[in-house]
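A quick write-up on the structure given underneath.
Predicted model, so just to flag it, every value in this text is computed and none were measured.
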Amino acid sequence: MSDTRDAGRDAGDEGPAGQAHPVRGTARGRAPVPLSVLDLVTVGARSTAHAALRTSVEIARLAESRGYTRHWVAEHHSMPGVASSSPAVILAHLAAHTSRIRLGSGGVMLPNHAPLAIAEQFGTLEALAPGRIDLGLGRAPGTDGRTAAALRGPGRLDEAAEEFPRRLSELTRFLDDDFPDGHPYSRVHAIPGPAQGLTGRPPLWLLGSSGYSARLAGELGLPFAYAHHFSPAGTLPALDLYRQSFRPSAALDAPYAVIGVAALAADTEAEARAQARAGALSALLVRTGRPRLVPTPEEAAAYAFSPAEREFTEGWLAHIPHGTAEEVRGRLDELAKLTGADELMLTAGAHAGAARVRSYELIADAYGMTELPAGRG
């Protein structure tokens, strides 16, 4: 199908070669589906946000060179172990250090922001990296209730999620600059945007961990990304609901579903287990209201787990493909077959930045995703 959103790039500007469609990715090597990166910009104990952001650039460059389809950054707030509170700022930085890979939000939490502000931020990103930007949107706050209240202001916490469809429609109209005559915003323009002649704009994605966003994405004919990495029990019902609800649109003629997967490959099974356990302890601390920098593997090994905490971490690890590259590849193949996902978006939860980079490298090796020649997407 054709998609007119990409048709109006400025003369001389070219999109990422080999990825003409703004949504659908391309499987590389022996991967069963396209592979992508979900980046939480994790900050390990005794490290810094500066180091974590340097690691994100390293991952983006590696992902681009090895044929991963996209690199998304998630919005989180008030979490010491996560440095991704401002996805648009990070994406601008990544755009300056890459040239082909798609970059996007996984996602921007729409209730936290005015639609016009998001349209301006992502219009700017589109102007910086034409044809490479994705705008993934979520309905959750990306944090705890108190922090969400501080982000949104008094009186907006309860109404924000319920207002999601209206705010989504408003954001879409700002991106397309097509409010009808007589609308209060008919003379308000998101800049950069169509008012300046910019006709390309980021494709919208809906993100979710429940049936609500799955159904809405289907009804609107949008691509859908499900958070399997922290809500695996709901994956199959949500994907089924999305596919059943799907109505063809100008964006897509058929459903396109991505699932986020926590996966960690290392040179040895023991190393992968140690790093994955540190990530599991970090998840436990967040879930129990004690967020801090991601613990080291040594801290995780020494931690005195209660029976309930041990049950949580073991259950968490059971849903994380981790081990050698071949072991992780086998688990990912099984997951792709079980879910029928159109794309797997991998997040490497580890204390060390080097371990995260190595994981994406090893997985690419396992699938035969060899280095792409310069200039190819």
Side-chain angles (χ1 to χ4, degrees), residues 3-6 8 22-23 72-75 77 85-89 91-92 104-127 133-143 148-208 210-225 242 245-252:
D3 193 314
T4 58
R5 288 184 309 223
D6 245 14
V23 171
W72 279 7
V73 177
E75 177 185 345
H77 299 276
S85 58
S86 303
V89 176
L91 293 172
S105 54
V108 165
M109 301 297 108
L110 180 54
N112 293 345
H113 311 279
L116 175 59
I118 297 174
E120 290 176 334
Q121 291 169 3
F122 279 77
T124 301
L125 288 168
E126 179 69 21
I133 304 300
D134 298 327
L135 176 46
L137 299 164
R139 191 169 61 102
T143 186
L151 280 166
R152 300 172 186 177
R156 283 205 51 236
L157 188 58
D158 292 336
E159 72 174 22
E162 298 173 2
E163 288 278 295
F164 187 82
R166 181 191 65 78
R167 294 167 69 83
L168 176 60
S169 175
E170 189 175 295
L171 170 59
T172 304
R173 287 197 176 278
F174 276 126
L175 289 170
D176 292 331
D177 199 32
D178 67 351
F179 283 102
D181 291 340
H183 191 280
Y185 298 154
S186 62
R187 297 186 180 182
V188 179
H189 307 289
I191 303 296
Q196 295 175 318
L198 183 69
T199 55
R201 60 98 155 160
L204 291 176
W205 291 67
L206 290 193
L207 281 61
S210 69
Y212 178 92
S213 293
R215 183 186 297 277
L216 184 60
E219 291 174 348
L220 296 177
L222 296 175
F224 177 60
Y242 169 61
S245 304
F246 188 84
R247 300 172 185 169
S249 69
L252 281 174

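- Considering all non-hydrogen atoms of both residues, Leu137 and Leu204 come closest at CD1-CD2, 3.9 Å.
- Here CG of Asp177 is found 13.0 Å from OG1 of Thr172. Values are rounded to the nearest 0.5 Å.
- Counting only distance, with no hydrogens or angles, the side chain of Ser245 and the backbone of Gly218 share no donor-acceptor pair below 3.5 Å.
- Here the closest non-hydrogen pair linking Pro203 and Ile133 is CD-O, 3.2 Å.
- Annotation: side-chain hydrogen bond (donor to acceptor under 3.5 Å, both in side chains) contacts of Arg173 (sequence neighbours excluded): Asp178.
- At distances below 3.5 Å, at least one donor-acceptor pair connects side-chain atoms of Thr124 with backbone N or O atoms of Glu120.
- With rounding to the nearest 0.5 angstrom, the CD atom of Glu75 is 11.0 Å from the CG atom of Leu207.
- Smallest separation of non-hydrogen atoms from Ser210 and Arg139: OG-NH2, 4.1 Å.
- In this structure, His189 NE2 and Leu116 CG are separated by 11.0 Å, a value rounded to the nearest 0.5 Å.
- Taking 4.5 Å as the limit, some side-chain heavy atom of Phe122 sits within range of a side-chain heavy atom of Leu91.
- Atom CG of Leu135 is separated from atom CH2 of Trp72 by 9.0 Å, given to the nearest 0.5 angstrom.
- Side-chain contact between Leu168 and Leu220 is present, with at least one heavy-atom pair separated by less than 4.5 Å.
- Using a 4.5 Å heavy-atom cutoff, the side chains of Phe179 and Glu170 are in contact.
- Phe224 has its ring centre no less than 6.0 Å from the ring centre of Phe246.
- Using the six-membered ring where Trp is involved, His77 and His113 have ring planes that are tilted, between 30° and 60° apart.
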(Q) Does Leu216 form a side-chain contact (heavy atoms from CB on, under 4.5 Å) with Phe164? I'd like the steps, not just the answer. (A) CA-CA 10 Å; Leu216 184 60; Phe164 187 82; 3.8 Å; yes
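- Here the closest non-hydrogen pair linking Tyr242 and Leu252 is OH-CD1, 4.1 Å.
- Of the possible donor and acceptor atoms, one in the side chain of Ser105 sits under 3.5 Å from a partner among the backbone N and O of Gly136.
- A donor-acceptor pair is defined here as one N or O able to donate and one able to accept, closer than 3.5 Å; such a pair exists between the side chain of Arg167 and the backbone of Leu110.
- Shown here for Ala74 and Gly106, the closest heavy-atom pair between the two residues is CB-O, 3.4 Å.
- Closest of all the heavy-atom pairs between Gly208 and Ser213 is CA-CB, 4.0 Å.
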